[in-house]
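Reviewing the structure listed below.
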Amino acid sequence: MSDLLEILSPVGDMERLHAALDFGADAVYLGGTCFGMRAASANFDAQSLVQACKITHEKGKKLYLTCNTLPRNFEIPALEGFVKDAVDAGVDALIVNDIGVFAMVKRFAPDMEIHVSTQAGIVNYATANEFYNMGAKRVVLARELSIEEIAEIRAKTPGELDIECFVHGAMCVSFSGRCLLSQYLVNRDANRGECAQPCRWGYHLMEEKRTNEFYPVFEDDSGTYILNAKDMCLIEHIDKLAKAGINSFKIEGRAKSSYYVSVITNAYRKAMDIYISDPDNFKLPQWIRDEVFKVSHRAYCTGFYFGHPKQSQYYENGGYIREYDVVAVVEGCSNGRVYAQQRNKFNRGDELEILPPDSPPISFTAEHIFNGSGEEIETANHATMELSILSDIVVPKNSIIRMKSKK
């Protein structure tokens, strides 16, 4: 049985790669310029993939590349070059969905580690075992499984087969993310990374023929968000998931901000460290529980892990809850000042928090703010401006300075 307990973080560009690595990810997953399920993300071309692998490996971490779309006929000829670029870059594993793509990866790169994507819809040990027999090192289980079902899959599969599961982030209304709604409505194929997220749109529902079967419809001009799923959050259940046999704890969000990646990675990193230090007495401090609410998010639920999710839909709107804003990123600390680059406006006297990697946040007041020339200013309101704040706080470079949103 593998003793791996991995925090796996999403990466959409180089900034988010640094965020994930700085804030404690054991591994990252990202997409290339094709064959990935997030076509709208910046993603990595062959040259930047080489750089990303170098940066990741220098920190002793791993990098997994997505190759999990359902490619059409015209895309198949490009697959060999894609796999070759992955091998040349030093990618640690390819995340694969389509069985034909799986076979081609084995042919083009026989030594490449293969992880079977959640989109393959693995919900039983027979399928997991068959993928293992085909040469898979890891299966990413469907989101629709309970913790008991995961435990049974673990018990009836080889210990050498890693089990990966999503533990945080957006949920899809369709099974294992395999959705036709986007393609049907706006001709954007979700199975090729182009989802327009129509499940987040507002709808007016009228059932003409099924008498006495009613969906809730609210008195709201925007209609009912009947397809809108809550976000998943399992940070308080790390112990149960680990004991069920999950090896890799996957955070969703390759299209999310570097701030999201930093905060959520840090929270799960600390939660996992607490679990590892005393598995039988897992208890989170309040600050870790609070962290998951300090990023832009939808209402949270625990997905299917603890039975059918009766409260997993959010009908009020399709948007996010946002209570904190990033105002700056730390570049260094010396001589009683915190030097930073501005991200969003803040003023003298504002109450701020610094979130360093591997640590709880530190609260302080911006009593004195200086521009890059050393002149004291009342407001930091120019994007990316260099500034400093008078403070004896000493934190690492790339620590985050944030502020509660002003309503």
Side-chain angles (χ1 to χ4, degrees), residues 3-10 19-28 61 141 143 145-148 150-151 154 163-171 230-253 256-257 259-307 309 311-312 320-324 326 352-363 395-396 399-402 404:
D3 58 359
L4 173 69
L5 290 171
E6 174 185 84
I7 300 299
L8 177 56
S9 294
L21 297 175
D22 287 345
F23 280 85
D26 296 301
V28 298
K61 310 298 179 67
L141 299 184
R143 286 178 173 90
L145 292 176
S146 70
I147 199 165
E148 291 82 11
I150 294 168
R154 175 71 287 168
I163 290 179
E164 178 179 306
C165 292
F166 280 93
V167 296
H168 193 95
M171 294 276 288
K230 292 181 180 179
D231 283 358
M232 180 193 295
C233 180
L234 273 298
I235 196 159
E236 295 191 53
H237 305 284
I238 291 290
D239 56 335
K240 303 178 189 71
L241 304 185
K243 289 173 182 177
I246 295 173
N247 302 116
S248 182
F249 295 69
K250 189 171 194 172
I251 298 167
E252 183 275 340
K256 301 286 181 65
S257 68
Y259 172 65
Y260 169 94
V261 173
S262 300
V263 173
I264 299 301
T265 299
N266 192 64
Y268 278 84
R269 170 77 277 146
K270 297 305 296 178
M272 181 61 75
D273 290 345
I274 289 170
Y275 169 73
I276 291 172
S277 68
D278 190 358
D280 294 325
N281 297 287
F282 177 71
K283 185 177 181 180
L284 290 182
Q286 188 60 45
W287 77 264
I288 295 181
R289 293 192 184 95
D290 293 341
E291 282 299 293
V292 297
F293 294 95
K294 293 182 179 181
V295 298
S296 182
H297 66 282
R298 298 181 183 91
Y300 284 129
C301 71
T302 55
F304 290 81
Y305 281 96
F306 301 102
Q311 301 295 327
S312 64
Y320 286 89
I321 302 165
R322 180 175 172 178
E323 297 179 346
Y324 280 78
V326 183
L352 306 178
E353 279 186 354
I354 293 185
L355 180 67
D358 200 36
S359 301
I362 304 165
S363 299
V395 292
S399 296
I400 294 165
I401 305 178
R402 65 190 174 196
K404 195 169 182 63

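Since the structure is predicted, the reported quantities are computational estimates derived from the model, not experimental observations. We count residues from 1, following the sequence as given.
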Can you name the side-chain hydrogen bond (donor to acceptor under 3.5 Å, both in side chains) partners of K404, sequence neighbours left out?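 Testing K404 for side-chain hydrogen bond (donor to acceptor under 3.5 Å, both in side chains), a comparison that skips the adjacent residues, returns none.
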With sequence neighbours excluded, what pairs up with [X] under the side chain to side chain contact (heavy atoms under 4.5 Å, CB included) test?
{"X": "A242", "result": "L5, F249, Y275"}
{"X": "P285", "result": "I274, W287, I288"}
{"X": "V395", "result": "V330, C333, I354, P356, I362, I393, S399"}
{"X": "E148", "result": "S146"}

Pairwise distance CD(E6) to CD1(I246) - rounded to 0.5 angstrom: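 E6 CD to I246 CD1: 12.5 Å, rounded to 0.5 Å.
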Flag the pair K283 / D239 as yes when at least one side-chain heavy-atom distance between them is below 4.5 Å, and no otherwise.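 No. Closest side-chain heavy atoms not under 4.5 Å.
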With distance as the sole test, does K270 use its side chain to make a donor-acceptor pair with the main-chain N or O of P360 at under 3.5 Å?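 Between the backbone of P360 and the side chain of K270 there is no qualifying donor-acceptor contact (under 3.5 Å).
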Distance-only, no hydrogens or angles: does the R289 side chain make a donor-acceptor pair with backbone N or O of L284 under 3.5 Å?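 It does hold such a pair.
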Any carboxylate oxygen within less than 4.0 angstrom of a Lys/Arg side-chain nitrogen, looking at [X] and [Y]?
{"X": "K294", "Y": "E353", "value": "yes"}
{"X": "D26", "Y": "K61", "value": "no"}
{"X": "R402", "Y": "E291", "value": "yes"}

Which residues share a ring pair (Phe, Tyr, Trp, His ring centres under 6.0 Å) with Y268, sequence neighbours left out: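 Result, ring pair (Phe, Tyr, Trp, His ring centres under 6.0 Å) vs Y268: H168.
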